[in-house]
Amino acid sequence: MKAAVIAERGVAPVLTEFREPEPREGALLIEMDTAGLGGWDVLGAYRLGVEFPCVIRGEGVGRLKDGQRVYFGERSVQPFGAWAERTLVPAEEVWAVPDDVDDKTAISMGIAATGALVPLEKAAIQKGENVLILGATGTLGQIALQLARHMGAGRVVAAARSEESLQRLVSRGLADAGIKLGGADDVAALKDASNGGFDVVLDLVCGQPLLSALKATRWGARIMTIGTGAGRQINLDIADLLFRTLSCIGTGQRPPADRRAIWERLLQIDRENKIAIDYLDFSFDQAVEAWAAQVAGPHAKVTARMR
(Lines give C-alpha, C1' and ligand atoms only; values in the text may rest on other atoms or scores of the structure.)
Protein backbone atom coordinates (compact mmCIF):
# COMPACT_ATOMS: atom_id res chain seq x y z
CA MET A 1 0.00 0.00 0.00
CA LYS A 2 1.03 3.64 -0.43
CA ALA A 3 2.07 5.46 2.76
CA ALA A 4 3.99 8.50 4.05
CA VAL A 5 6.97 6.75 5.65
CA ILE A 6 9.71 7.95 8.00
CA ALA A 7 12.73 5.76 7.29
CA GLU A 8 14.84 6.66 10.33
CA ARG A 9 15.12 9.09 13.22
CA GLY A 10 15.53 12.72 12.09
CA VAL A 11 14.65 12.05 8.45
CA ALA A 12 11.61 13.64 6.78
CA PRO A 13 8.90 11.30 5.45
CA VAL A 14 8.59 10.19 1.84
CA LEU A 15 5.62 8.78 -0.04
CA THR A 16 6.39 5.16 -0.85
CA GLU A 17 5.15 1.59 -0.67
CA PHE A 18 4.78 0.08 2.80
CA ARG A 19 3.66 -3.31 4.06
CA GLU A 20 -0.01 -3.90 4.68
CA PRO A 21 -1.28 -4.03 8.27
CA GLU A 22 -2.44 -7.50 9.19
CA PRO A 23 -5.59 -8.01 11.31
CA ARG A 24 -4.95 -8.93 14.93
CA GLU A 25 -7.07 -9.51 17.99
CA GLY A 26 -8.14 -6.33 19.73
CA ALA A 27 -7.40 -4.05 16.77
CA LEU A 28 -9.46 -2.85 13.81
CA LEU A 29 -8.36 -2.39 10.21
CA ILE A 30 -9.39 1.02 8.85
CA GLU A 31 -9.57 2.13 5.22
CA MET A 32 -8.51 5.77 5.34
CA ASP A 33 -10.58 8.70 4.07
CA THR A 34 -9.06 11.79 5.77
CA ALA A 35 -5.86 12.17 7.80
CA GLY A 36 -4.83 14.98 10.13
CA LEU A 37 -1.49 16.27 11.35
CA GLY A 38 -0.62 18.09 14.57
CA GLY A 39 2.39 19.31 16.48
CA TRP A 40 2.78 16.05 18.39
CA ASP A 41 3.07 14.08 15.15
CA VAL A 42 6.26 15.98 14.40
CA LEU A 43 7.62 16.01 17.97
CA GLY A 44 6.68 12.40 18.64
CA ALA A 45 7.83 10.93 15.34
CA TYR A 46 11.43 10.66 16.49
CA ARG A 47 10.97 9.87 20.17
CA LEU A 48 12.56 6.88 21.83
CA GLY A 49 10.60 3.70 21.34
CA VAL A 50 9.45 4.46 17.80
CA GLU A 51 9.99 1.58 15.41
CA PHE A 52 11.53 2.59 12.05
CA PRO A 53 10.59 2.60 9.27
CA CYS A 54 7.09 3.78 10.22
CA VAL A 55 4.10 5.60 8.82
CA ILE A 56 3.32 9.12 10.05
CA ARG A 57 0.90 8.34 12.88
CA GLY A 58 -1.54 11.25 12.81
CA GLU A 59 -5.25 11.03 13.49
CA GLY A 60 -8.00 10.41 11.02
CA VAL A 61 -11.37 9.29 9.79
CA GLY A 62 -11.90 6.14 7.78
CA ARG A 63 -14.16 3.15 7.32
CA LEU A 64 -14.34 -0.28 8.85
CA LYS A 65 -14.94 -3.41 6.84
CA ASP A 66 -18.70 -2.97 7.23
CA GLY A 67 -18.53 0.61 5.91
CA GLN A 68 -19.00 2.39 9.25
CA ARG A 69 -17.26 5.78 9.47
CA VAL A 70 -14.93 6.03 12.46
CA TYR A 71 -12.48 8.46 14.05
CA PHE A 72 -9.24 7.53 15.81
CA GLY A 73 -6.47 9.57 17.45
CA GLU A 74 -2.69 9.25 17.23
CA ARG A 75 -2.69 5.67 18.49
CA SER A 76 -2.30 3.42 15.48
CA VAL A 77 -0.51 0.15 16.17
CA GLN A 78 3.18 0.67 15.36
CA PRO A 79 4.57 0.96 12.75
CA PHE A 80 1.31 2.00 11.06
CA GLY A 81 -0.46 5.34 11.02
CA ALA A 82 -3.16 7.53 9.55
CA TRP A 83 -1.05 8.71 6.62
CA ALA A 84 -1.49 5.54 4.59
CA GLU A 85 -4.18 3.84 2.56
CA ARG A 86 -4.93 1.59 5.56
CA THR A 87 -4.04 1.49 9.23
CA LEU A 88 -4.57 -0.69 12.30
CA VAL A 89 -5.91 0.83 15.53
CA PRO A 90 -6.73 -0.66 18.96
CA ALA A 91 -10.50 -1.23 19.08
CA GLU A 92 -11.06 0.97 22.16
CA GLU A 93 -9.50 3.93 20.27
CA VAL A 94 -11.93 3.66 17.33
CA TRP A 95 -15.05 5.81 17.73
CA ALA A 96 -18.12 5.99 15.47
CA VAL A 97 -18.56 9.31 13.66
CA PRO A 98 -22.16 10.62 13.61
CA ASP A 99 -23.66 11.12 10.16
CA ASP A 100 -24.00 14.89 10.65
CA VAL A 101 -20.27 15.38 11.42
CA ASP A 102 -17.81 15.87 8.55
CA ASP A 103 -14.35 14.33 8.58
CA LYS A 104 -12.41 17.53 9.34
CA THR A 105 -14.67 18.43 12.27
CA ALA A 106 -14.36 14.92 13.70
CA ILE A 107 -10.57 15.28 13.55
CA SER A 108 -10.38 18.82 14.98
CA MET A 109 -12.70 17.98 17.89
CA GLY A 110 -10.35 15.15 18.84
CA ILE A 111 -6.86 15.92 20.09
CA ALA A 112 -6.78 19.71 19.54
CA ALA A 113 -10.19 20.51 21.00
CA THR A 114 -9.65 18.15 23.94
CA GLY A 115 -6.45 20.05 24.68
CA ALA A 116 -8.50 23.22 24.98
CA LEU A 117 -11.58 21.95 26.79
CA VAL A 118 -9.94 19.95 29.59
CA PRO A 119 -7.78 22.77 31.07
CA LEU A 120 -10.40 25.47 30.52
CA GLU A 121 -12.98 23.44 32.42
CA LYS A 122 -10.46 22.86 35.20
CA ALA A 123 -9.90 26.62 35.36
CA ALA A 124 -13.64 27.04 36.09
CA ILE A 125 -14.12 30.28 34.17
CA GLN A 126 -16.64 32.55 35.86
CA LYS A 127 -19.03 34.77 33.91
CA GLY A 128 -17.32 37.97 32.77
CA GLU A 129 -13.74 36.93 33.61
CA ASN A 130 -10.74 37.96 31.50
CA VAL A 131 -9.06 35.07 29.70
CA LEU A 132 -5.68 34.99 27.93
CA ILE A 133 -4.69 32.28 25.44
CA LEU A 134 -0.90 32.06 24.95
CA GLY A 135 -0.02 30.55 21.57
CA ALA A 136 -3.50 31.31 20.29
CA THR A 137 -2.98 31.20 16.53
CA GLY A 138 -2.77 27.42 16.11
CA THR A 139 -5.73 25.04 15.91
CA LEU A 140 -5.87 24.41 19.66
CA GLY A 141 -5.62 28.13 20.37
CA GLN A 142 -8.38 29.01 17.91
CA ILE A 143 -10.68 26.48 19.54
CA ALA A 144 -9.72 27.63 23.04
CA LEU A 145 -10.67 31.25 22.29
CA GLN A 146 -14.15 30.15 21.29
CA LEU A 147 -14.60 27.67 24.14
CA ALA A 148 -13.58 30.36 26.67
CA ARG A 149 -16.32 32.60 25.29
CA HIS A 150 -18.76 29.70 25.37
CA MET A 151 -17.92 29.15 29.05
CA GLY A 152 -18.77 32.74 29.94
CA ALA A 153 -15.54 34.73 29.59
CA GLY A 154 -16.15 38.46 29.30
CA ARG A 155 -12.90 39.38 27.52
CA VAL A 156 -10.78 36.94 25.53
CA VAL A 157 -7.27 37.93 24.44
CA ALA A 158 -5.00 36.07 22.02
CA ALA A 159 -1.20 36.22 22.28
CA ALA A 160 1.32 34.76 19.84
CA ARG A 161 4.24 35.72 17.59
CA SER A 162 2.43 36.08 14.26
CA GLU A 163 0.96 39.56 13.88
CA GLU A 164 -0.93 38.61 10.72
CA SER A 165 -2.56 35.58 12.34
CA LEU A 166 -3.48 37.59 15.45
CA GLN A 167 -5.13 40.29 13.36
CA ARG A 168 -7.13 37.61 11.59
CA LEU A 169 -8.40 36.26 14.92
CA VAL A 170 -9.53 39.73 15.99
CA SER A 171 -11.13 40.58 12.64
CA ARG A 172 -13.15 37.35 12.76
CA GLY A 173 -14.34 38.14 16.27
CA LEU A 174 -12.59 35.16 17.85
CA ALA A 175 -10.54 37.44 20.13
CA ASP A 176 -11.16 40.88 21.60
CA ALA A 177 -7.49 41.77 21.23
CA GLY A 178 -4.30 40.24 19.84
CA ILE A 179 -0.91 40.73 21.50
CA LYS A 180 2.24 40.06 19.48
CA LEU A 181 4.83 38.43 21.72
CA GLY A 182 8.55 39.04 21.43
CA GLY A 183 8.33 42.84 21.52
CA ALA A 184 10.19 45.38 23.61
CA ASP A 185 7.94 44.88 26.66
CA ASP A 186 5.58 41.89 26.54
CA VAL A 187 4.54 42.39 30.17
CA ALA A 188 3.34 45.94 29.51
CA ALA A 189 1.51 44.87 26.35
CA LEU A 190 -0.28 42.06 28.15
CA LYS A 191 -1.20 44.27 31.09
CA ASP A 192 -2.62 46.91 28.74
CA ALA A 193 -4.85 44.28 27.12
CA SER A 194 -5.91 42.57 30.36
CA ASN A 195 -8.70 44.90 31.49
CA GLY A 196 -7.20 45.10 34.97
CA GLY A 197 -5.62 41.64 35.03
CA PHE A 198 -6.30 38.21 33.57
CA ASP A 199 -8.31 35.77 35.65
CA VAL A 200 -7.45 32.73 33.56
CA VAL A 201 -4.43 31.97 31.35
CA LEU A 202 -4.36 28.96 29.05
CA ASP A 203 -0.65 28.55 28.34
CA LEU A 204 0.15 26.50 25.24
CA VAL A 205 3.83 27.48 25.03
CA CYS A 206 5.48 27.87 28.48
CA GLY A 207 8.91 29.58 28.48
CA GLN A 208 9.21 33.36 28.62
CA PRO A 209 5.60 34.01 27.49
CA LEU A 210 4.34 32.24 30.62
CA LEU A 211 6.59 34.35 32.86
CA SER A 212 5.36 37.53 31.15
CA ALA A 213 1.72 36.48 31.44
CA LEU A 214 2.03 35.78 35.17
CA LYS A 215 2.80 39.45 35.75
CA ALA A 216 -0.42 40.43 33.95
CA THR A 217 -2.77 38.34 36.13
CA ARG A 218 -4.96 39.23 39.09
CA TRP A 219 -4.76 37.66 42.52
CA GLY A 220 -6.74 34.44 42.35
CA ALA A 221 -5.82 33.83 38.71
CA ARG A 222 -5.62 30.27 37.39
CA ILE A 223 -2.84 29.45 34.91
CA MET A 224 -3.13 26.18 33.00
CA THR A 225 0.01 25.03 31.16
CA ILE A 226 -0.32 22.28 28.56
CA GLY A 227 2.49 22.95 26.06
CA THR A 228 6.20 23.79 25.90
CA GLY A 229 6.80 25.23 22.43
CA ALA A 230 8.61 28.29 23.85
CA GLY A 231 10.75 26.30 26.29
CA ARG A 232 10.41 23.64 28.97
CA GLN A 233 12.39 25.44 31.67
CA ILE A 234 11.49 28.73 33.37
CA ASN A 235 13.25 30.87 35.98
CA LEU A 236 10.24 31.61 38.16
CA ASP A 237 10.15 34.29 40.86
CA ILE A 238 7.80 32.78 43.43
CA ALA A 239 6.48 36.26 44.22
CA ASP A 240 4.78 36.28 40.79
CA LEU A 241 2.90 33.12 41.73
CA LEU A 242 1.73 34.11 45.20
CA PHE A 243 -2.08 34.25 45.43
CA ARG A 244 -2.37 32.48 42.07
CA THR A 245 -2.54 28.85 40.96
CA LEU A 246 -0.31 27.31 38.29
CA SER A 247 -1.18 23.81 37.04
CA CYS A 248 0.50 21.63 34.42
CA ILE A 249 -2.11 19.48 32.72
CA GLY A 250 -1.76 16.48 30.42
CA THR A 251 -4.88 16.38 28.29
CA GLY A 252 -4.48 13.00 26.61
CA GLN A 253 -3.47 10.80 29.56
CA ARG A 254 -6.97 9.47 30.18
CA PRO A 255 -8.68 6.14 29.53
CA PRO A 256 -10.12 5.77 26.01
CA ALA A 257 -13.71 5.85 27.30
CA ASP A 258 -13.09 9.20 29.03
CA ARG A 259 -11.47 10.71 25.94
CA ARG A 260 -14.32 9.45 23.78
CA ALA A 261 -16.89 11.08 26.08
CA ILE A 262 -14.99 14.39 25.88
CA TRP A 263 -14.86 14.12 22.07
CA GLU A 264 -18.60 13.42 21.84
CA ARG A 265 -19.29 16.39 24.12
CA LEU A 266 -17.16 18.61 21.88
CA LEU A 267 -19.08 17.45 18.82
CA GLN A 268 -22.26 18.62 20.55
CA ILE A 269 -20.68 21.97 21.49
CA ASP A 270 -19.72 22.41 17.84
CA ARG A 271 -23.29 21.63 16.73
CA GLU A 272 -24.61 24.34 19.04
CA ASN A 273 -21.91 27.00 18.49
CA LYS A 274 -20.18 26.11 15.20
CA ILE A 275 -16.53 26.42 16.17
CA ALA A 276 -14.50 28.17 13.45
CA ILE A 277 -11.17 26.60 12.51
CA ASP A 278 -8.61 27.41 9.81
CA TYR A 279 -7.54 24.45 7.69
CA LEU A 280 -4.69 23.70 5.31
CA ASP A 281 -5.99 20.99 3.00
CA PHE A 282 -3.80 18.65 0.98
CA SER A 283 -4.20 15.51 -1.09
CA PHE A 284 -2.53 12.26 -0.03
CA ASP A 285 -0.02 12.71 -2.85
CA GLN A 286 1.05 15.94 -1.11
CA ALA A 287 1.91 14.21 2.18
CA VAL A 288 5.50 15.46 2.12
CA GLU A 289 4.29 19.05 1.60
CA ALA A 290 1.74 18.61 4.40
CA TRP A 291 4.50 17.47 6.77
CA ALA A 292 6.65 20.47 5.83
CA ALA A 293 3.70 22.80 6.49
CA GLN A 294 3.22 21.33 9.95
CA VAL A 295 6.93 21.65 10.76
CA ALA A 296 6.80 25.33 9.75
CA GLY A 297 3.91 26.05 12.15
CA PRO A 298 0.86 26.50 9.94
CA HIS A 299 -1.58 28.40 12.24
CA ALA A 300 -4.16 25.95 10.87
CA LYS A 301 -5.17 22.31 11.05
CA VAL A 302 -3.39 20.25 8.41
CA THR A 303 -5.57 17.60 6.79
CA ALA A 304 -5.42 15.45 3.66
CA ARG A 305 -7.96 13.50 1.66
CA MET A 306 -6.56 10.02 1.27
CA ARG A 307 -8.64 8.97 -1.72
Side-chain angles (χ1 to χ4, degrees), residues 4 6 9-13 35-47 56-60 73-74 81-83 104 107-116 119 132-147 157-172 174-175 177-183 186 189-190 201-213 224-234 251-252 275-283 286-304:
I6 300 171
R9 185 167 282 108
V11 174
L37 267 182
W40 176 246
D41 296 308
V42 174
L43 293 173
Y46 309 118
R47 70 190 187 281
I56 298 174
R57 294 190 83 183
E59 57 187 317
E74 298 163 328
W83 286 72
K104 292 196 295 186
I107 291 170
S108 294
M109 292 301 108
I111 295 167
T114 297
L132 170 66
I133 310 297
L134 289 175
T137 54
T139 305
L140 197 162
Q142 293 174 31
I143 296 170
L145 291 166
Q146 296 166 81
L147 289 178
V157 175
R161 293 187 176 274
S162 171
E163 177 111 30
E164 180 181 353
S165 297
L166 287 166
Q167 290 177 351
R168 177 168 165 76
L169 293 176
V170 174
S171 67
R172 293 163 66 198
L174 302 189
I179 304 302
K180 185 180 184 304
L181 298 174
D186 286 352
L190 289 167
V201 177
L202 178 58
D203 167 32
L204 311 183
V205 296
C206 198
Q208 185 57 48
L210 169 59
L211 295 176
S212 298
M224 306 292 158
T225 292
I226 65 168
T228 58
R232 296 167 58 182
Q233 297 182 353
I234 56 175
T251 59
I275 296 173
I277 299 166
D278 287 331
Y279 291 97
L280 272 181
D281 297 321
F282 295 86
S283 68
Q286 296 172 306
V288 174
E289 291 90 335
W291 179 267
Q294 182 61 55
V295 169
H299 307 295
K301 183 63 181 178
V302 173
T303 65

Q: Kindly determine whether Leu145 and Leu147 satisfy side-chain contact (heavy atoms from CB on, under 4.5 Å), including the steps that lead there.
A: CA-CA 6 Å; Leu145 291 166; Leu147 289 178; over 6 Å; no

Q: With sequence neighbours excluded, what pairs up with Lys180 under the salt bridge (charged side-chain N to carboxylate O under 4.0 Å, His left out) test?
A: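 Here no residue qualifies.
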
Q: Please report the closest heavy-atom contact between Leu202 and Pro119, naming both atoms and the distance.
A: CD1-CG, 3.6 Å

Q: Mind checking the CG-CD spacing from Leu169 to Gln146? Nearest 0.5 Å is all I need.
A: 9.0 Å

Q: Search all heavy atoms of Trp291 against all heavy atoms of Asp41 and return the closest pair with its distance.
A: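 Looks like CH2-O, 3.5 Å.
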
Q: When rounded to the nearest 0.5 angstrom, what distance separates CD in Glu59 from CH2 in Trp40?
A: 14.0 Å

Q: Can you give me the closest heavy-atom contact between Pro209 and Leu181, atom names plus distance?
A: CB-CD1, 3.9 Å

Q: Could you tell me the separation between the NZ atom of Lys301 and the OG atom of Ser108, rounded to the nearest 0.5 Å?
A: 6.0 Å

Q: What distance do Leu210 atom CG and Ile234 atom CD1 have between them, rounded to the nearest 0.5 Å?
A: 5.0 Å

Q: Apply side-chain contact (heavy atoms from CB on, under 4.5 Å) to the pair Leu134 and Leu204, showing each step before the final yes or no.
A: CA-CA 6 Å; Leu134 289 175; Leu204 311 183; 5.6 Å; no

Q: So how far is it from Thr228 OG1 to Asp203 CG, rounded to the nearest 0.5 Å?
A: 9.5 Å

Q: Among Leu132, Val201, Val157, whose side-chain contact (heavy atoms from CB on, under 4.5 Å) with Leu190 holds?
A: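 Looking at Leu132, Val201, Val157, the match for Leu190 under the side-chain contact (heavy atoms from CB on, under 4.5 Å) is Leu132.
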
Q: So, for Ala35 and Ala82, which heavy atoms are closest and what is the spacing to 0.1 Å?
A: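 Looks like CB-O, 3.7 Å.
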
Q: For residues Ile275 and Gln142, determine if any side-chain heavy atom of one lies less than 4.5 Å from a side-chain heavy atom of the other.
A: no

Q: Out of curiosity, Thr225 OG1 to Arg232 CZ, how far, rounded to the nearest 0.5 Å?
A: 13.5 Å

Q: Between Asp281 and Lys104, is a side-chain contact (heavy atoms from CB on, under 4.5 Å) present by the stated rule, with each step listed?
A: CA-CA 10 Å; Asp281 297 321; Lys104 292 196 295 186; 2.9 Å; yes

Q: Using atom types as modelled and distance alone, determine if a side-chain donor or acceptor of Ser171 lies under 3.5 Å from a backbone N or O of Arg168.
A: yes

Q: So which atom in Leu280 and which in Ala293 form the shortest heavy-atom distance, rounded to 0.1 Å?
A: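 Distance-wise, the nearest heavy atoms are CD1-CB, 4.2 Å.
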
Q: Could you pull out the closest heavy-atom pair between Ala112 and Leu140, with the gap in Å?
A: O-CG, 3.3 Å

Q: Step by step, would you call Met224 with Thr251 a side-chain contact (heavy atoms from CB on, under 4.5 Å)?
A: CA-CA 11 Å; Met224 306 292 158; Thr251 59; over 6 Å; no

